[in-house]
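Notes follow once the structure below has been shown.
Keep in mind that what you see is a predicted model, and the values were worked out from it rather than measured.
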Amino acid sequence: MSASTPSAGGPAPQGTEGVRGRSAFGAALAEAMDALGPLCVGIDPHQALLASWDLPDTPRGLRDFALRIVDAVGGRIAAVKPQSAFFERHGSAGIAVLEETLAALRAVGTLSILDVKRGDIGSTMSGYAQAYLVDGAPLAADAMTLSPYLGYDSLSPALELADASGRGVFVLALTSNPEGASVQHASTGQGSRSSSVAADVVAGAARSNAAARDANTLGSVGLVVGATTGRAVAELGIDLLGANAPLLAPGVGAQGAGAAELEAVFGAARRHVLASTSRGVLSAGPDLVALRAAAQAAAAEALSALRA
Ligand SMILES: O=c1ccn([C@@H]2O[C@H](COP(=O)(O)O)[C@@H](O)[C@H]2O)c(=O)[nH]1
């Protein structure tokens, strides 16, 4: 498929099933972005969205919502990102729906990124890693989001398990919310070794992805860098391209970022970017055709900004 024709509105392309196979997550994501465009749609079943879809705020409503999105975009975009919080708020029945949603994404061969933002001391991190990054785990996803604020190296159990199972992670570096700057822009080190919290996280990912860089493939330790972060990457002197990391860019759509912001934030690193939007597409539902059209428009916008 041509890089200028993301297929969210057309028929599901052949051969996307098993796109991940046993290849490493970074390579599989690069392949999916080349084939389908650099777009991830989030499954965020907010109370207000359930209401606007005329669905009850119950596990049954949640299930109808989540599976409809899989139906609408599965096999048509590079990745789907369920937001765990909106499943957790329904308790064990909500977690069961999350398991079913992840299984449905596996069945259609679409990469799943579970947005759970986990981070803890190493021994507990190991438990989280086993929950999300192991074949056969009920909540296994292709990748998960991690919070590095107990120290980048505390994430090692997850990085190691992801590596062993061909999965990926996305570590928070520069988040899309305005409050993130107060922590992430903070200075570290001194004099010629002066840096920032965000730059240190990016340096950690660069170390983790060194072997993939040597093998000329995209690494599987990704970074979260919001599309709303303006000039932060440039002003903090962050070398995003050098990290050889997939770059998950939330903030597109409801948080205000579009093609111009994606281009400006990522510059030379933009070919590694997976633009992410949730409400921007979900608010087009519940109609399947309208959801597909919204995803197709978002994919075309991301493509024009990131692959021009
Ligand atoms: O820096 C971050 C990290 C994660 N998110 C998550 O992405 C979606 C955004 O939803 P929209 O409806 O497109 O605003 C949501 O699940 C966040 O938790 C983020 O926004 N920023």
Side-chain contact test, heavy atoms from C-beta onward, threshold under 4.5 Å: evaluate it for Arg167 versus Met144 and give yes or no. no
Do Asp57 and His90 come within less than 4.5 Å of each other through their side chains, counting heavy atoms only? yes
Could you please spell out the steps behind the side chain to side chain contact (heavy atoms under 4.5 Å, CB included) verdict for Leu114 and Leu98? CA-CA 10 Å; Leu114 184 56; Leu98 179 56; 3.9 Å; yes
Grab the two heavy atoms, one from Leu111 and one from Ala78, that are nearest each other, plus how far apart they are. CB-O, 3.6 Å
Does the distance from a Lys or Arg side-chain N to an Asp or Glu carboxylate O, for Asp115 and Lys81, drop under 4.0 Å? yes
How long is the straight-line distance from CG of Leu29 back to NE2 of His272, given to the nearest 0.5 Å? 10.5 Å
Any side-chain donor paired with an acceptor under 3.5 Å for Ser84 and Glu88? yes
Taking Trp53 for the side chain and Pro45 for the main chain, is one N or O donor matched with an acceptor at less than 3.5 Å? no
In terms of hydrophobic clusters joined by side-chain contacts under 4.5 Å, are Leu218 and Phe266 together? no
Counting C-beta onward and ignoring hydrogens, is there a side-chain heavy-atom pair between Tyr128 and Asp120 closer than 4.5 Å? yes
How many angstroms lie between OG in Ser112 and CG in Leu105, if you round to the nearest 0.5 Å? 6.0 Å
Okay, side chain of Glu261, backbone of Gly258: is any donor-acceptor separation there less than 3.5 Å? yes
For Val73 and Ala295, work out which heavy atoms get closest and say how close. CG1-CB, 3.8 Å
Any salt bridge (Lys or Arg N to Asp or Glu O under 4.0 Å) involving residues 190-215? Give me the pairs, sequence neighbours left out, ordered by first then second residue. none
By side chain to side chain contact (heavy atoms under 4.5 Å, CB included), which residues pair with Ser304, not counting sequence neighbours? Ala259
Which pairs, with at least one residue in residues 234-258 and sequence neighbours excluded, count as a side-chain hydrogen bond (donor to acceptor under 3.5 Å, both in side chains)? Ser176-Gln255
Contacts of Ala269 that satisfy side chain to side chain contact (heavy atoms under 4.5 Å, CB included) - sequence neighbours left out: Leu240, Leu241, Leu247
Phe87: what forms a ring pair (Phe, Tyr, Trp, His ring centres under 6.0 Å) with it, not counting sequence neighbours? none
Checking Thr145 side chain against Val116 main chain: does a donor-acceptor pair fall under 3.5 Å? yes
Contact check, side chains of Leu155 and Val169, non-hydrogen atoms, under 4.5 Å: no
Non-hydrogen side-chain atoms of Ile121 and Leu150 separated by less than 4.5 Å: yes
Stepwise, does the side chain to side chain contact (heavy atoms under 4.5 Å, CB included) test hold for Ile43 with Val70? CA-CA 9 Å; Ile43 303 184; Val70 177; 4.2 Å; yes
Is the backbone of Ala140 close enough, under 3.5 Å, to the side chain of Tyr132 for a donor and an acceptor to pair up by distance? no
Considering non-hydrogen atoms only, spot the tightest contact between Ala206 and Gly242 and give its length. CB-O, 4.0 Å
Pairs of donor and acceptor atoms involving the side chains of residues 219-226, under 3.5 Å and at least two apart or interchain, shall be tabulated with distances.
unit_1, atom_1, unit_2, atom_2, d
Ser220, OG, Phe25, N, 3.4
Ser220, OG, Gly26, N, 2.9

Compare all side-chain heavy atoms of Tyr152 with those of Ser208 and state whether any distance is below 4.5 angstrom. yes
Under 3.5 Å, side chain of Thr101 to main-chain N/O of Val97, donor-acceptor pair present? yes
Are side-chain heavy atoms of Pro38 and Met33 found at a separation under 4.5 Å? yes
Heavy-atom closest pair (Ala79 atom, Ile113 atom, distance to 0.1 Å) is CB-CD1, 4.0 Å
Is a donor on one side and an acceptor on the other found under 3.5 Å between the side chain of Asp163 and the backbone of Leu159? no
Mind checking who shares a hydrophobic cluster with Leu161, ILVMFWY linked at side-chain heavy-atom distances under 4.5 Å? Val134
Separation of Ser52 OG from Leu49 CG (nearest 0.5 Å): 5.0 Å
Those residues at least two apart in sequence (or on a different chain) that pass side chain to side chain contact (heavy atoms under 4.5 Å, CB included) with Ala198 are Leu174, Gln184, Ser196, Leu236, Ile238
Measuring only between side-chain heavy atoms, which start at C-beta, is Leu102 closer than 4.5 Å to Pro82? yes
Mind running side chain to side chain contact (heavy atoms under 4.5 Å, CB included) on Lys117 and Val171 for me, showing each step along the way? CA-CA 8 Å; Lys117 300 185 182 68; Val171 185; over 6 Å; no
The reported gap from CG in Asp71 to CG in Leu291 (rounded to nearest 0.5 angstrom) is 9.5 Å
Going by atom type alone, with no hydrogens or angles, which donor-acceptor pairs under 3.5 Å involve a side-chain atom of residues 59-69 and a protein atom two or more places apart or on another chain?
unit_1, atom_1, unit_2, atom_2, d
Arg63, NE, Glu100, OE1, 3.0
Arg63, NE, Glu100, OE2, 2.9
Arg63, NH2, Glu100, OE2, 2.6
Arg68, NH1, Pro286, O, 2.7

Give the C-alpha distance, both sets of side-chain angles, the deciding distance and a yes or no for side chain to side chain contact (heavy atoms under 4.5 Å, CB included) between Thr188 and Val197. CA-CA 6 Å; Thr188 61; Val197 171; 3.9 Å; yes
Hey, does the side chain of Ser165 reach the backbone of Leu133 with a donor-acceptor pair shorter than 3.5 angstrom? yes
Just to verify, what does Glu99 make a side chain to side chain contact (heavy atoms under 4.5 Å, CB included) with, not counting sequence neighbours? Ile95, Pro138, Leu139
Which pairs with one or both residues in residues 264-290 pass salt bridge (Lys or Arg N to Asp or Glu O under 4.0 Å), sequence neighbours excluded? none
Over all atoms of both residues, closest heavy-atom pair of Val202 and Ala173: CG2-CB, 4.2 Å
Checking the side chain of Ser126 only, and the main-chain atoms of Gly122 only, is there a donor and an acceptor separated by less than 3.5 Å? no
Scanning both residues in full, the closest heavy-atom pair of Asn209 with Ala243 reads ND2-O, 3.1 Å
Quick one: do Arg106 and Asp142 make a salt bridge, cutoff under 4.0 Å? no
CG-CG distance between Leu303 and Leu262, expressed to the nearest 0.5 angstrom: 11.5 Å
Side-chain donor/acceptor of Thr277 to backbone N/O of Val252, under 3.5 Å: yes
Those residues at least two apart in sequence (or on a different chain) that pass ring pair (Phe, Tyr, Trp, His ring centres under 6.0 Å) with His46 are Phe86
